[in-house]
Protein chains: 2
Amino acid sequence: MQNQQVLTKNQKIVLDIIEKSSQPLKAYSILFDVKKKGINAPLQVYRALDKLVEIGKIHKIESRNAFIACKNSKCQITKATVFSICENCEDVKEIHDHKLSEHLKHYKDNKGMKYSKYNLEFFGLCKKCINK
Amino acid sequence: MQNQQVLTKNQKIVLDIIEKSSQPLKAYSILFDVKKKGINAPLQVYRALDKLVEIGKIHKIESRNAFIACKNSKCQITKATVFSICENCEDVKEIHDHKLSEHLKHYKDNKGMKYSKYNLEFFGLCKKCINK
DNA sequence: TTAATTTTTGTTATAATATAACACTATGTA
DNA sequence: TACATAGTGTTATATTATAACAAAAATTAA
Ligand SMILES: [Zn+2]
Ligand SMILES: [Zn+2]
Ligand SMILES: [Zn+2]
Ligand SMILES: [Zn+2]
């Protein structure tokens, strides 16, 4: 039921904007874009974002305070994410690497703690930026 | 040279506060604490934090906007971090797992991007919080 | 040493990100 | 219907972080 959620008007509007962008969007830039659709206040955007993150339709890039759509239905279950971020051009991509995901999903530390979620952000230079 | 940096007065004051805490501190809580030592403005704290992160003395917990001291000299080289975060009591610990670090350090995706840095945050419940 | 350069500082102001509180409305369920 | 739950709209405010600028301190290069 969590995954086949019926979205509300505001949630749809916000998701739509994010899905149209290949790159992460910031909350206030989303707010600016949706003002013509009747969403006026930050809180309306943040509430929609919270819900969309919760149901796995979008992810938050923590180091950038920005939100990107998820194209992989599996993320909606795991809430475990891996991103690649170019430190020069800020290009962000979600990495779907089954082997890496499995490895992290089953990771146990020596403190008796078991993990249900993780967020991994890789930083470097993308192909374009390496070749200047 | 990067690692044996001589710290300035403000950097020392801020580092000192962070090292005395076992848990991550937020910038404005640090500011509150250092006011008696003559640091008056947010920017003075943020500048010290930036430098301390840069030289690897502290790490930023991105999902919490908070800063924690690093006890592992190796981090000062790699700038690659792994944290464990309890979602109930907010207890944060740095994970030093050589095998995991090596695995991530050498990770290559299929987009021709190679990574120099990463930040991994695991979320779950700590031992105490599992047993309520 | 002296002058040039870089880094750090102190300060004020402001930008950017995010939440509290409250009254109201829609939706689901018994 | 009545009750519970979730979402809305709004105003105000809290929290996190940076811009801009002038002055002081530390480094470097003649
Ligand atoms: Zn995803
Ligand atoms: Zn790039
Ligand atoms: Zn460390
Ligand atoms: Zn705990």
Side-chain angles (χ1 to χ4, degrees), chain A residues 1-18 21 23-68 87 90 92 119 121, chain B residues 1-18 21 23-55 57-68 85 87 90 92 119 121:
Chain A
M1 218 112 254
Q2 185 82 309
N3 293 348
Q4 287 297 355
Q5 195 99 25
V6 177
L7 299 179
T8 65
K9 184 177 133 268
N10 287 1
Q11 289 160 10
K12 268 180 223 150
I13 292 170
V14 170
L15 178 58
D16 191 50
I17 297 279
I18 299 175
S21 167
Q23 290 300 303
L25 297 178
K26 306 202 143 212
Y28 276 73
S29 120
I30 294 168
L31 176 58
F32 180 86
D33 285 347
V34 299
K35 279 204 165 153
K36 44 178 134 16
K37 302 214 173 173
I39 294 181
N40 300 302
L43 199 42
Q44 295 175 288
V45 171
Y46 279 105
R47 286 199 281 227
L49 290 172
D50 284 351
K51 189 67 181 189
L52 293 169
V53 167
E54 190 193 319
I55 64 177
K57 290 287 189 184
I58 64 173
H59 302 298
K60 182 171 186 181
I61 313 296
E62 291 288 355
S63 69
R64 299 300 186 259
N65 299 315
F67 300 85
I68 193 166
E87 291 192 289
E90 290 293 319
V92 173
N119 180 56
E121 298 179 9
Chain B
M1 218 108 253
Q2 186 82 309
N3 293 349
Q4 289 296 356
Q5 195 100 26
V6 177
L7 299 179
T8 65
K9 183 177 134 269
N10 288 0
Q11 289 160 8
K12 269 181 222 149
I13 292 171
V14 169
L15 178 58
D16 191 50
I17 296 278
I18 298 175
S21 168
Q23 290 300 303
L25 297 178
K26 305 203 142 210
Y28 276 73
S29 119
I30 294 167
L31 176 58
F32 180 86
D33 286 348
V34 299
K35 279 203 165 155
K36 45 177 129 24
K37 302 213 171 169
I39 295 182
N40 301 302
L43 198 43
Q44 294 175 289
V45 171
Y46 279 103
R47 286 198 280 226
L49 289 172
D50 285 351
K51 189 67 181 190
L52 293 169
V53 167
E54 190 192 319
I55 65 176
K57 290 285 190 186
I58 64 173
H59 301 299
K60 182 171 188 183
I61 314 295
E62 291 288 356
S63 68
R64 299 299 185 260
N65 299 314
F67 300 85
I68 193 166
I85 303 172
E87 291 193 288
E90 290 293 320
V92 173
N119 180 55
E121 298 180 9

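Computed from a predicted model, the values in this text were never measured in an experiment. The chains referred to below are lettered A, B, ... by the order of the sequence lines, with proteins before strands, and numbering in each begins at 1.
- With rounding to the nearest 0.5 angstrom, the CD1 atom of A:I17 is 8.5 Å from the CD1 atom of A:I39.
- Rounded to whole Å, the distance from CG on B:D50 to P on D:dT18 is 7 Å.
- Phosphate contact (OP1/OP2 of C:dA18, side-chain N/O of A:Y46, threshold under 4.0 Å): present.
- Between the CZ atom of B:R64 and the P atom of C:dA18 there is a distance of 13 Å, rounded to whole Å.
- Rounding to the nearest 0.5 Å gives a distance of 13.0 Å between OG of A:S21 and CZ of A:F67.
- Distance NZ (B:K12) to P (C:dT8): 13 Å, rounded to an integer number of Å.
- Taking the charged nitrogens against the carboxylate oxygens, B:E121 and B:R64 have no contact shorter than 4.0 Å, which rules out a salt bridge.
- Contact check, A:N40 against D:dT10: a side-chain N or O comes under 4.0 Å of OP1 or OP2.
- Per the geometry, NZ belonging to B:K9 stands 7 Å off P belonging to C:dT9, to the nearest Å.
- In this structure, A:K26 does not reach the C:dA16 phosphate: none of its side-chain N or O atoms is under 4.0 Å from OP1 or OP2.
- Residue-to-nucleotide contacts include no donor-acceptor pair under 3.5 Å from the side chain of B:Y28 to the base of D:dA14.
- Between the P atom of D:dT10 and the CD1 atom of A:I39 lies a distance of 11 Å, rounded to the nearest Å.
- Here the nucleotide nearest the side chain of A:L43, chosen from C:dT11, D:dG7, D:dT11, is D:dT11.
- In this structure, the nucleotide among C:dA18, D:dA20, D:dA17 sitting nearest to the side chain of B:R47 is D:dA20.
- For A:K60, taking side-chain heavy atoms from C-beta onward, the closest of the listed nucleotides C:dT11, C:dA21, C:dA18 is C:dA18.
- Note that CG of A:L15 is 10.0 Å distant from CG of A:L49, once rounded to the nearest 0.5 Å.
- Here the NZ atom belonging to B:K9 is positioned 10.0 Å from the NZ atom belonging to B:K12, to the nearest 0.5 angstrom.
- We find that CG of B:N65 is positioned 4 Å from P of D:dA17, with the value rounded to whole Å.
- What separates CG of A:L31 from P of C:dT19 is a distance of 15 Å, to the nearest Å.
- Put simply, CD on A:Q44 is 15 Å from C1' on D:dA6, counting in whole angstrom units.
- Close to D:dA25, at under 4.0 Å from its OP1 or OP2, lies no side-chain N or O of B:T8.
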